[in-house]
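Just so we're clear, the structure is a prediction, and the values are computed from it rather than from any experiment. Chain naming here is simple, since letters A, B, ... match the order of the sequence lines and numbering starts at 1 in each.
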Protein chains: 2
Amino acid sequence: MIRTMSRTPLHPTREQIELPMVLDCLSDPIRLAIVYQLAQQERVSSELCCGDFNGLAGKSNLAYHFAKLRECGLMLTRVAGTNRFMRLRREDMEARFPGLLDAVLSSAAKDADRLQLLSECEVVKAD
Amino acid sequence: MIRTMSRTPLHPTREQIELPMVLDCLSDPIRLAIVYQLAQQERVSSELCCGDFNGLAGKSNLAYHFAKLRECGLMLTRVAGTNRFMRLRREDMEARFPGLLDAVLSSAAKDADRLQLLSECEVVKAD
DNA sequence: TCGATAGTTCAATAAACATTGAACATAGGA
DNA sequence: TCCTATGTTCAATGTTTATTGAACTATCGA
């Protein structure tokens with residue numbers, strides 16, 4: 001099966017989501033920051049595109065982390081033209097691991113500065 | 001500073017406990033099983049010794065995982081004679097990351113067989 | 001059709017990680 | 001005092017991981 005760049009990438013089904021993979025994904029500071037920013041955005045538009053995270057790491061490094069977040073079932077990528085929009089798979093997470101994502105997110109929020117959860121441009125924008 | 005084997009090992013203070021380290025610790029299946037069994041035991045005696053986990057891995061491998069669990073602040077080791085008794089640092093976890101440990105534990109419980117959370121002798125004992 | 005923009009994929013690298021067995025340390029009991 | 005049981009520490013091994021830059025693909029608009 002050929003995977004070209006233009007089609008939506010594969011995502012695990014809800015039942016395929018595994019706890020160790022999710023926890024491992026969230027244990028990386030960059031991925032935690034991505035998830036955190038996606039969660040912040042949920043109140044507004046629920047979606048962000050790759051470029052919105054450019055403050056966190058280089059492009060190819062981000063693509064690597066996005067792939068991990070997709071593969072573990074934490075987020076969903078939708079292809080639209082030359083952009084990829086992502087959002088958290090909140091309902092799937094809640095169904096599989098009730099309360100887990102919220103507990104991680106509020107724990108992260110408490111340590112927001114220690115964890116450098118906001119990318120530089122994000123911090124600048126906050127002024 | 002010399003660390004001999006007979007003294008209690010170092011543990012991080014409550015404030016030193018870091019979210020990424022905790023999540024990373026819990027993302028390993030063997031360590032998750034250790035934490036899960038410690039949590040089960042809480043209803044009874046709150047403590048287990050190293051040997052109680054022999055079904056999960058070899059001795060030296062277990063010692064490695066115990067060290068990680070201590071260093072991230074998830075558990076506490078008390079030396080008593082030739083035994084080391086461990087217990088979860090529940091209150092510290094709850095203070096730093098409210099609801100997190102319970103969410104992980106109940107998520108793990110849901111997938112107990114998929115995750116092979118009980119060591120072989122534990123399963124045998126359950127008969 | 002050309003160029004710019006948005007991301008991905010690949011190869012290479014260095015660091016971190018899990019696992020093993022052997023050697024060691026410690027305490028308790030015969 | 002010696003033997004045994006309980007764990008830890010160390011060195012070696014192979015695997016996985018994160019990070020980088022360069023090459024590539026795909027889409028949009030002028």
Side-chain angles (χ1 to χ4, degrees), chain A residues 1-11 18 20-35 47-72 75-87 116 119 121, chain B residues 1-11 18 20-35 47-72 75-87 116 119 121:
Chain A
M1 182 190 193
I2 301 168
R3 306 245 91 229
T4 71
M5 218 171 85
S6 57
R7 281 183 264 283
T8 14
L10 288 171
H11 297 82
E18 301 274 2
M21 281 188 74
V22 170
L23 294 174
D24 184 53
C25 250
L26 295 168
S27 76
D28 179 277
I30 291 182
R31 289 192 293 263
L32 183 58
I34 293 170
V35 168
E47 283 188 326
L48 283 175
C49 72
C50 303
D52 294 323
F53 303 95
N54 282 338
L56 292 172
K59 273 169 47 155
S60 65
N61 190 213
L62 281 179
Y64 165 76
H65 288 300
F66 293 148
K68 297 220 98 175
L69 286 165
R70 266 196 310 269
E71 286 160 16
C72 85
M75 74 180 207
L76 198 136
T77 303
R78 180 175 66 86
V79 178
T82 158
N83 289 304
R84 276 106 225 262
F85 290 98
M86 1 240 224
R87 65 169 188 275
Q116 295 180 253
S119 49
C121 48
Chain B
M1 183 190 190
I2 301 168
R3 303 247 92 227
T4 73
M5 220 170 84
S6 57
R7 281 182 264 283
T8 15
L10 288 173
H11 296 82
E18 300 275 2
M21 281 188 73
V22 170
L23 294 175
D24 184 53
C25 251
L26 294 169
S27 76
D28 180 278
I30 292 183
R31 290 193 292 262
L32 183 58
I34 293 170
V35 168
E47 282 188 324
L48 283 175
C49 73
C50 302
D52 294 323
F53 302 95
N54 282 339
L56 292 172
K59 274 169 46 155
S60 65
N61 189 213
L62 281 179
Y64 165 76
H65 289 299
F66 293 149
K68 298 220 98 176
L69 287 165
R70 267 194 311 268
E71 286 160 16
C72 85
M75 73 180 208
L76 197 136
T77 302
R78 180 175 66 84
V79 178
T82 157
N83 289 303
R84 275 105 226 262
F85 290 99
M86 2 239 224
R87 65 170 188 275
Q116 295 180 251
S119 50
C121 49

Query raised in the report: Whole-Å distance between C:dT8 C1' and A:Lys68 NZ?
Result: 17 Å
Report summary line: Separation of D:dT6 atom C1' from B:Leu48 atom CG, nearest Å, is 15 Å
Query raised in the report: Any side-chain N or O of B:Asn83 under 4.0 Å from OP1/OP2 of C:dA27?
Result: no
Report summary line: Of the candidates D:dG7, D:dT8, D:dT27, the side chain of A:Thr82 sits closest to D:dT27
Requested in this report: Select one nucleotide: of D:dT8, C:dT9, C:dG7, the one nearest the side-chain heavy atoms of A:Ala63.
Outcome: C:dT9
Report summary line: Atom CZ of A:Phe53 and atom P of C:dA6 are separated, to the nearest Å, by 15 Å
Short N/O separations, protein against nucleotides 19-23 of chain D, under 3.5 angstrom:
{"residue": "D:dT19", "atom": "OP2", "partner": "A:Asn61", "partner atom": "OD1", "Å": "3.2"}
{"residue": "D:dT19", "atom": "OP2", "partner": "A:His65", "partner atom": "NE2", "Å": "2.8"}
{"residue": "D:dG21", "atom": "N7", "partner": "A:Ser60", "partner atom": "OG", "Å": "3.3"}
{"residue": "D:dG21", "atom": "O6", "partner": "A:Ser60", "partner atom": "OG", "Å": "3.2"}

**Report entry** Whole-Å gap separating P (C:dG7) and CG (A:Leu69)
**Finding:** 15 Å
Query raised in the report: Just by distance, do the side chain of A:Arg84 and the backbone of A:Thr77 share a donor-acceptor pair under 3.5 Å?
Result: no
Query raised in the report: What is the distance, rounded to the nearest whole Å, between atom CZ of B:Phe66 and atom P of C:dT19?
Result: 13 Å
Query raised in the report: So does A:Lys59 get a side-chain nitrogen or oxygen closer than 4.0 Å to the phosphate oxygens (OP1/OP2) of C:dT9?
Result: no
Requested in this report: Report the distance from atom CG of B:Asp52 to atom C1' of D:dA5, rounded to the nearest whole Å.
Outcome: 14 Å
Query raised in the report: Taking atom C1' of C:dG7 as reference, at what distance in whole Å does atom CE of A:Met75 sit?
Result: 12 Å
**Report entry** N or O in side chain of B:Arg31 less than 4.0 angstrom from C:dA18 OP1/OP2
**Finding:** yes
Query - Whole-Å gap separating P (C:dC17) and CG (B:Leu23) - result: 14 Å
